[in-house]
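Report on one structure; see the data block that follows.
All values reported here derive from a predicted model rather than from experimental measurement. To find a chain, count down the sequence lines: A is the first, B the second, and so on, and within it residues start at 1.
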2 protein chains.
Amino acid sequence: MPFVHLFRRYLRDQGLPVTQQRELIAEVVFASSDHLSVEEIEEQLRARGERIGKATIYRTLEMLVKSGLVAEHDFGEGFKRYEHLFGQMPVHEHLICTECGKVTEIQSPELVRVQEEVASRHGFQAARHRLEIYGLCAACQAAGRKLEWEGLTCPIETL
Amino acid sequence: MPFVHLFRRYLRDQGLPVTQQRELIAEVVFASSDHLSVEEIEEQLRARGERIGKATIYRTLEMLVKSGLVAEHDFGEGFKRYEHLFGQMPVHEHLICTECGKVTEIQSPELVRVQEEVASRHGFQAARHRLEIYGLCAACQAAGRKLEWEGLTCPIETL
DNA sequence: GTAATTGCAAAGGATTTGCAACAGT
DNA sequence: ACTGTTGCAAATCCTTTGCAATTAC
C-alpha cells in the first residue's frame, strides 16, 4: 500500500502519534476499492491476523475522514461505509443496485453543472452534494430480475 | 386537516383499524410543511395535550410511508425525518443549509433528465434517486455567514 | 366477541465514551 | 517522562419488539 505514508504524514503534521493500529486500518481501507463498513474492516483485519477493537476503528476512521483521504457514506443501511479517495474521480455519484447491492461510481460534469445552476437559481451557495440513484444494474437486468414496487400500494392520485 | 381522511381511507382499504392515535399522528404530520423527526412529532402531540407512545409513532409512520402519503428522509443526522407529500412537487430535491439547517425543496426536470440519461449510459435502470445539495442558504449568505471547510485540513493534492 | 392496537419496558444495532493499562515521541 | 492511544465494557442514541391491557369493528 503506497498510500499509507500520506496518512502518516497527516498524523505527524497534526502532532498525533502514528500507531500500528492506525497504519493497519489505513492499509485495509486503502487496499480496498469497495465501500467498506466498520464490520467489513474488522473482518479484513481479522483475516490478516490482527485483532483491533471497534472503538479504535471508529476513532481512526474519523481521522481518515478529517484528513480528506477517505469519504464517509450513508446508503441508508443503518450504518456507514467508507471509501478511500486515491485515483478516484474527485466528484462522483453512486448508482446503487437495489437487487444485488452493487455500487457503481460515475462521473458527470454535466450533472454537476446543472446542480450548481439549479442551486444558484435559488440563491443557494452549494458546497457539496450527495446523489444516489437507486435501480437495477446491467447485470441484474440481464439476469431478468425486476424492480419491486416498494411501498406504492396507494399512490396519492388514486385516493 | 383536510387530508386525514385519505389516510383513513387507506387504512380501511387495508382492513386496518382507524384509531385515534393514528389519526392524531397523521394530523400532526399533515399539518406541518417541515421535515419532522419522531422527536418533533412527539413534542407537537404533547403540545396538543396528547400523550402517544413512541412505538406507536414509529409504527404509524411506517404505514404512512407505505401508503405513499409520507416520505422518509435521512439527512445524515443519525435519525430519520418525515414529510407529507400533499401539494408537493412529485419529484423534488433538497437544498440543505449547513449553517441554519433550513431545508429548501426544489424541482428541476432538467436535473431529472440528465440523471436518467447518465444512468442509462451506464446500462443502469433508474427507479428513484436522492439528491441533497449542502451549502449556504440565501439568508445565511446575507447574514455574512461563511462555509466552514469541514475536514479539509489536508487535501490530497498537497500531501 | 374477536382480532388488532397500544404503551410500556426491554431488546437491538451502530456508534460513543470512561478509564486503567499501554505505546509513541 | 509525558502525552495520547488502546481496548474493554458500559453508556448512548434511534429504532424495533414482546406482551398484557385496551380499543376498533
Give the rounded distance in Å between these two atoms: [atom1] of [X] and [atom2] of [N].
| X | N | atom1 | atom2 | result |
| --- | --- | --- | --- | --- |
| A:Leu61 | C:dA14 | CG | P | 15 Å |
| A:Arg81 | C:dA14 | CZ | C1' | 13 Å |
| B:Leu36 | D:dC14 | CG | P | 15 Å |
| B:Leu24 | D:dT23 | CG | C1' | 14 Å |
| A:Ile41 | C:dT15 | CD1 | P | 10 Å |
| B:Gln14 | D:dC25 | CD | C1' | 17 Å |
| A:Ile52 | D:dT5 | CD1 | P | 15 Å |
| B:Phe79 | C:dG13 | CZ | C1' | 18 Å |

Side chain to side chain donor-acceptor pair (under 3.5 Å) partners of [X], counting only residues at least two apart:
| X | value |
| --- | --- |
| B:Glu77 | B:Arg81 |
| A:Lys54 | A:Glu42 |
| B:Glu117 | B:Arg113, B:Arg121 |

Practice item. Using modelled atom types only, decide if a donor and an acceptor are shared between the side chain of B:Gln141 and the backbone of A:Gly123 within a distance under 3.5 Å. Key: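 Side chain of B:Gln141 to backbone of A:Gly123, a donor-acceptor pair under 3.5 Å: yes, one is there.
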Practice item. Say whether, by atom type as modelled, one donor and one acceptor occur between the side chain of B:His129 and the main chain of A:Leu131 under 3.5 angstrom. Key: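 Answer holds: no.
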Check your understanding: A:Leu16, A:Leu61: one ILVMFWY side-chain cluster at the under-4.5 Å cut-off?
Key ->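 Yes, because A:Leu16 and A:Leu61 connect within a single hydrophobic cluster, where side-chain heavy atoms sit under 4.5 Å apart.
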Practice item. To the nearest 10°, let me know how far the axis at one end of the helix from C:dG1-D:dC25 to C:dT25-D:dA1 is tilted from the axis at the other, five pairs an end. Key: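 For the helix from C:dG1-D:dC25 to C:dT25-D:dA1, the axes at either end differ by 30°.
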What protein N or O atoms touch nucleotides 16-25 of chain C N or O atoms at under 3.5 angstrom, if any, and at what distances?
residue : atom : partner : partner atom : Å
C:dT25  : OP1  : A:Val18 : N            : 3.2

Check your understanding: CG of B:Leu36 to NZ of B:Lys80: how many Å apart, nearest 0.5 Å?
Key ->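 Result: 15.5 Å between the selected atoms.
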Review point. Hey, what do you get for CD1 (B:Ile41) to CG (B:Leu24), rounding to the nearest 0.5 Å?
Key: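 One gets 12.5 Å once the value is rounded to the nearest 0.5 Å.
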Practice item. Only counting residues at least two apart or in another chain, list the ones meeting ring-ring contact (aromatic ring centres under 6.0 Å, His included) with B:His94. Key: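 Partners of B:His94 by the ring-ring contact (aromatic ring centres under 6.0 Å, His included) criterion, ordered by chain and then number, come out as B:His35, B:His73, B:Phe75, B:His92.
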